[in-house]
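Read through the structure below, which is laid out as structure tokens, and then see the notes.
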2 protein chains.
Amino acid sequence: MPLNRSFKPNNLVQTIERASSILDLLGQSPQGVSIRELSAKIKLPKGTIHRLLSSLSYFGYVRQDSKTRNYLLGFKLVELGNLLLNQLDLRKEAEPFLKDLAERTKETVHMVVLDRNEVVYIDKVETDQHTSGLKMASRIGLRNPAHSSAVGKTLLAHFSDEELKNFIEEKGLAKRAENTITDSAQLRDHLKNVRAQGYAVDDEENEKGIRCVAAPIYNEGGKPVAAISISGPAFRITKKMIQESIKKEVMETALKISQRLGFRERK
Amino acid sequence: MPLNRSFKPNNLVQTIERASSILDLLGQSPQGVSIRELSAKIKLPKGTIHRLLSSLSYFGYVRQDSKTRNYLLGFKLVELGNLLLNQLDLRKEAEPFLKDLAERTKETVHMVVLDRNEVVYIDKVETDQHTSGLKMASRIGLRNPAHSSAVGKTLLAHFSDEELKNFIEEKGLAKRAENTITDSAQLRDHLKNVRAQGYAVDDEENEKGIRCVAAPIYNEGGKPVAAISISGPAFRITKKMIQESIKKEVMETALKISQRLGFRERK
DNA sequence: AACAGTATTTCGTAATGCGGAACATCCAAT
DNA sequence: ATTGGATGTTCCGCATTACGAAATACTGTT
């Protein structure tokens with residue numbers, strides 16, 4: 001048994017499960033949620049919800065709008081989340097290279113790690129150029145399926161056959177956009193190419209109109225631990241551009257970061 | 001450590017209290033913590049700690065290093081923390097103004113809100129100029145005492161006498177650096193000035209060698225809901241510079257943001 | 001002023017989480 | 001390889017903890 005990441009639906013502490021549902025709901029509601037609503041959505045009596053909220057609130061995970069009395073996510077989460085990000089020295093080391101890459105390509109640069117077989121954004125650098133483009137909200141913290149993103153694919157490409165099989169069984173290959181690869185045989189082939197090439201392209205597979213180019217970052221043990229990418233509108237990130245310059249830029253930057261982490265290229 | 005504020009020391013759900021202690025400890029340990037250590041520090045049997053960690057891990061609040069088996073903060077915290085930040089439309093509206101301010105002054109710009117009578121950093125913009133200066137770690141999510149920071153003081157300046165009294169009683173006026181104002185009468189006087197002037201200066205009161213200039217942001221109801229500041233080394237942020245340009249820049253930017261939020265200046 | 005919708009508190013009950021101890025696993029040293 | 005020590009993980013009977021229905025206290029509205 002390859003010690004799969006925390007899958008154990010029994011033994012769960014009820015309180016933590018309930019607290020987690022509450023936080024999830026609050027995460028979806030910028031304007032906050034009332035106890036009554038929470039009570040309705042998680043089917044639990046108001047009193048119970050209230051007790052949990054009191055404790056969560058005392059420790060800062062939740063806060064209450066003094067006007068509406070609605071409950072909202074608390075700043076303790078920002079604190080802990082950013083502590084985590086700052087603990088990743090990977091991120092610290094990569095930062096200057098990411099800025100440089102963004103500067104040179106004038107496109108948005110992302111950095112991700114794989115967590116529980118999903119892609120999690122841990123950094124983002126954009127140039128002043130296209131910053132005010134569309135979505136200003138930072139993607140940091142966001143989770144995406146691995147099979148439909150360039151970053152995810154560069155990481156999946158290093159999975160063993162069995163790991164990949166598990167991944168597909170566990171997560172499935174949901175169709176996120178028109179070009180998403182949803183066939184497992186096709187994905188296997190595709191990943192073989194990705195691995196050989198050393199980079200991956202997301203050709204509107206995750207979001208219509210968006211193309212990305214990604215390359216993996218290796219630690220000193222040669223293990224892929226993260227990935228970086230350049231993303232932008234398909235009309236700017238053309239296939240020609242990718243071949244002529246972008247793929248080279250991304251791969252070179254990824255290699256520099258890997259080397260910074262102690263990786264030595266082997267022949 | 002005892003973050004007393006939202007009153008209710010009883011009624012606390014034990015599990016949440018314990019889970020919170022665990023997360024706090026993990027937050028202090030970039031390399032992770034073993035069950036044994038946790039068990040020792042939080043004086044609870046290994047079995048108990050393990051059970052809590054399993055649940056926390058299942059929901060993503062904690063992750064386990066597959067090599068060392070140590071436990072670390074989980075990416076769910078990054079996810080929720082950033083959801084919260086992106087929910088603050090205050091932040092969204094302010095962003096372009098902050099960038100502009102950073103660009104024009106070539107110094108680091110911060111934005112904070114008051115949470116439980118402490119300052120919490122919710123945004124930071126730095127120019128490429130001094131970015132590689134010293135501390136690269138983002139301050140986002142960080143908490144600071146209100147009485148020793150420029151941002152904090154501009155917000156305290158709008159407290160009623162009673163609110164201020166409560167604040168001082170609850171939090172005290174800890175000496176953070178040589179110039180920290182630790183006398184409550186003196187603080188009262190100082191805040192009166194801050195309010196009259198419309199801006200506050202942190203003259204190495206929080207950290208040796210660092211000066212900051214801050215101004216408050218008002219919502220449409222005229223209530224101060226946040227503050228912004230410019231910070232930098234004392235040799236660059238001279239008192240002369242503050243008077244000649246910086247205070248004006250900060251105040252003007254703060255006003256623009258306030259207006260963006262619907263604030264109308266009243267005479 | 002009365003009402004309606006909510007948030008909060010109470011309190012007797014049993015289910016939940018507790019934690020000591022057994023078991024498994026990993027790693028280092030022989 | 002084998003052993004031993006240390007740590008992580010699981011088990012299970014017990015009592016404490018959290019439960020949740022209902023009563024009470026708000027808060028704003030007509």
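All values below come from the heavy atoms of this structure, side chains included, with hydrogens, waters and symmetry mates left out.
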Checklist outcome for this item: Contact check, residues 20-41 of chain A vs DNA chain D, heavy-atom distance under 4.0 Å, returns none
Checklist entry - Is there a side chain to side chain contact (heavy atoms under 4.5 Å, CB included) between Val119(B) and Arg143(B) once you walk through the steps? => result CA-CA 5 Å; Val119(B) 157; Arg143(B) 303 182 83 89; over 6 Å; no
Can you list the residues that meet the side chain to side chain contact (heavy atoms under 4.5 Å, CB included) rule with [X], with sequence neighbours excluded?
X         : result
Leu255(B) : Gln259(B), Phe263(B), Glu265(B)
Ser34(B)  : Arg36(B), Glu37(B), Asn70(B)
Ser66(A)  : none

Spacing of [X] atom [atom1] relative to [N] atom [atom2], expressed in whole Å:
X        : N       : atom1 : atom2 : result
Leu53(B) : dT7(D)  : CG    : C1'   : 14 Å
Gln64(B) : dT25(C) : CD    : P     : 15 Å
Arg69(B) : dC26(C) : CZ    : C1'   : 8 Å
His50(B) : dA24(C) : NE2   : C1'   : 11 Å
Asn70(A) : dT27(D) : CG    : P     : 15 Å

side-chain hydrogen bond (donor to acceptor under 3.5 Å, both in side chains) involving [X] - partner list, sequence neighbours excluded:
X         : answer
Ser148(A) : Asn206(A)
Lys153(B) : His190(B), Glu205(B)
Asp65(B)  : none
Arg188(B) : none

Item to check | Contact nearer the 5' end of DNA chain C, comparing Lys46(B) with Lys46(A) | outcome: Lys46(A)
Item to check | Donor + acceptor pair across side chains of Asn82(A), Arg139(B) (<3.5 Å) | outcome: no
Below 3.5 Å is the cut-off: list the nitrogen or oxygen pairs between protein and nucleotides 15-18 of chain C, distance only.
{"from": "dG17(C)", "atom 1": "OP1", "to": "Gln14(A)", "atom 2": "N", "distance (Å)": "2.6"}
{"from": "dG17(C)", "atom 1": "OP1", "to": "Thr15(A)", "atom 2": "N", "distance (Å)": "3.0"}
{"from": "dG17(C)", "atom 1": "OP2", "to": "Gln14(A)", "atom 2": "N", "distance (Å)": "3.3"}
{"from": "dC18(C)", "atom 1": "OP1", "to": "Gln14(B)", "atom 2": "OE1", "distance (Å)": "3.4"}
{"from": "dC18(C)", "atom 1": "OP1", "to": "Arg18(B)", "atom 2": "NH1", "distance (Å)": "2.9"}
{"from": "dC18(C)", "atom 1": "OP2", "to": "Arg51(B)", "atom 2": "NH1", "distance (Å)": "2.1"}

Checklist entry - What pairs with Arg91(A) under salt bridge (charged side-chain N to carboxylate O under 4.0 Å, His left out), at least two apart in sequence or on another chain? => result Asp123(A)
Next on the checklist: Please determine whether a side-chain nitrogen or oxygen atom of Tyr71(B) lies at a distance below 4.0 Å from atom OP1 or OP2 of dT9(D).
Outcome noted: yes
Next on the checklist: Based on the rotation axes of five pairs at each end, what angle does the helix from dA1(C)-dT30(D) to dT30(C)-dA1(D) bend through, to 10°?
Outcome noted: 40°
Checklist entry - Can you list every ring-ring contact (aromatic ring centres under 6.0 Å, His included) pair that touches residues 139-163 of chain A, not counting sequence neighbours? => result His158(A)-Tyr218(A)
